[in-house]
Each structure stands twice: as structure tokens, then as C-alpha cells.
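Computation of the quantities below employed the complete heavy-atom set of this structure, encompassing side-chain atoms and omitting hydrogens, waters and symmetry-equivalent molecules.
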Amino acid sequence: MEFPTLDAQQRRLIQAIQGGFPIVSHPYREIGQTLGISEEAVIAGVTELQRLGIIKRMGIVVRHHELGYQANAMVVWDIPEAELPGLANKICAYPFVHLCYQRQRVIPEWPYNLYCMIHGRQRHEVLEQVGHLMTECGLRPYPHKILFSNRRFKQRGARYLPQSQAAAVTGT
């Protein structure tokens, strides 16, 4: 996808938000104060960037380690396609499941097609939660793997504007 042509204010807005929104009660107002525009103009600008397809989604990046969650596991399952929607909905209903989604299998190396993420403070807690899922959702017959993270990669939100273009706008 080619990056669309943006005006100077759109570039300044992207530069202001791509590092994350300020954690304050009125983040759009604060961004507006930084840019010298109104809160309403910031909201309208972000809305326009979404309409243009530049911003595809907005959310938070939770840094689990800083919150004390040291045992983080991706559990992968090999589920028959016909049973996938029902089992995925059951798994999603558990409050300790943070993500649950389907992916294509890579046969023959990787037969798993259902993924769920479980964060825990201790490894045994996560293993107990996986055990509950297996028993209560009827997952015991299906092959699975529990993949605990050993290393944390950089966690950050999307970067919409290459740093070189952002610097050209701001003069930094």
C-alpha cells in the first residue's frame, strides 16, 4: 500500500499520537494544546485519518511484565474446522484468556489452528487455567502446545509515519 498524501496538520497529528496517547483525562485536549489546535480539531483529524484508512484501529498496549505477569503462554490447538467456532467462543468466554483467534495451519510442520494467550503471575497458575479449559471446554482429545514466552520483544503501537518524514515536518 502506498502511503497517502497528507497535509502538514495531518502529519503533525500523526507525529503527536504515534508514540501513544497521553494518559490523562482528556488526551485529545492535551494533544491539541501541544499542536495549537482545539480538542475537537484533534478528534476530527483522528476520525479523518481513520476514514482514510491510515489509522486502522486504536487500542492499548499492555505491558504485562510491568504489571507483574511473568508467566505468559500462547496455547495452540489443533481443532477440527467444524468444531472451531463453538470451541473458540467457549474459550473466549474465560476471563483469563486475553486473545483467542484462528490461524491457518502450516502442514506438515505446524498443525495448530486455534491460538489463545493466557497471562499469569506464575507458571503453575497458567497451567491450571489451561487445565480448566481442557476439561470444561472438552479440549482434551485435541493436540496442543503450551508455549511460555522466554523473551519479550519490543511492545509498541503502530508507526504511521516513517521517522524521516516526521522529522521533516517537525524539523527534529
Q.
Quick check: do Ile17 and Ile55 have side-chain heavy atoms less than 4.5 Å from each other?
A. yes
Q) Is Ile54 close to Leu6 at the side-chain level, that is, under 4.5 Å between some pair of heavy atoms? A) yes
So does [Y] get a backbone contact from the side chain of [X], meaning a donor-acceptor N/O pair under 3.5 Å?
| X | Y | value |
| --- | --- | --- |
| Gln10 | Gly45 | no |
| Asn113 | Ile79 | yes |
| Arg121 | Leu67 | yes |

Nearest 0.5 Å, please: how far is [atom2] in [Y] from [atom1] in [X]?
| X | Y | atom1 | atom2 | answer |
| --- | --- | --- | --- | --- |
| Glu136 | Lys90 | CD | NZ | 10.5 Å |
| Gln15 | Leu35 | CD | CG | 9.5 Å |
| Glu125 | Gln70 | CD | CD | 11.5 Å |
| Leu49 | Lys56 | CG | NZ | 11.0 Å |
| Met58 | Phe21 | CE | CZ | 3.5 Å |

Q | Parallel, tilted or perpendicular: ring planes of Tyr69 versus His64, cut at 30 and 60 degrees | A | perpendicular
Q. Angle class for the Tyr94/Phe96 ring planes (parallel below 30°, perpendicular above 60°, tilted otherwise)?
A. tilted
Q: Give the C-alpha distance, both sets of side-chain angles, the deciding distance and a yes or no for side-chain contact (heavy atoms from CB on, under 4.5 Å) between Glu30 and His26.
A: CA-CA 6 Å; Glu30 185 163 313; His26 296 280; over 6 Å; no
Q: Indicate yes or no: does Arg105 engage Glu81 in a salt bridge with an N to O separation below 4.0 Å.
A: yes
List the atom of [X], the atom of [Y], and the distance in Å for their closest heavy-atom pair.
| X | Y | answer |
| --- | --- | --- |
| Cys92 | Cys100 | SG-CB, 3.4 Å |
| Gly120 | Asn72 | N-OD1, 3.9 Å |
| Ala16 | Ile31 | CB-CG2, 4.0 Å |

Taking [Y] as the starting point, is it possible to reach [X] by hopping between hydrophobic residues whose side chains are less than 4.5 Å apart?
| X | Y | value |
| --- | --- | --- |
| Leu84 | Val97 | yes |
| Leu139 | Ile146 | yes |
| Ile91 | Tyr142 | yes |
| Phe148 | Tyr112 | no |
| Met117 | Met134 | no |

Q: Take atom CZ of Arg152 as the centre, draw a 6.0 Å sphere, and report whether it contains more than 12 heavy atoms from other residues, nucleotides or ligands.
A: yes
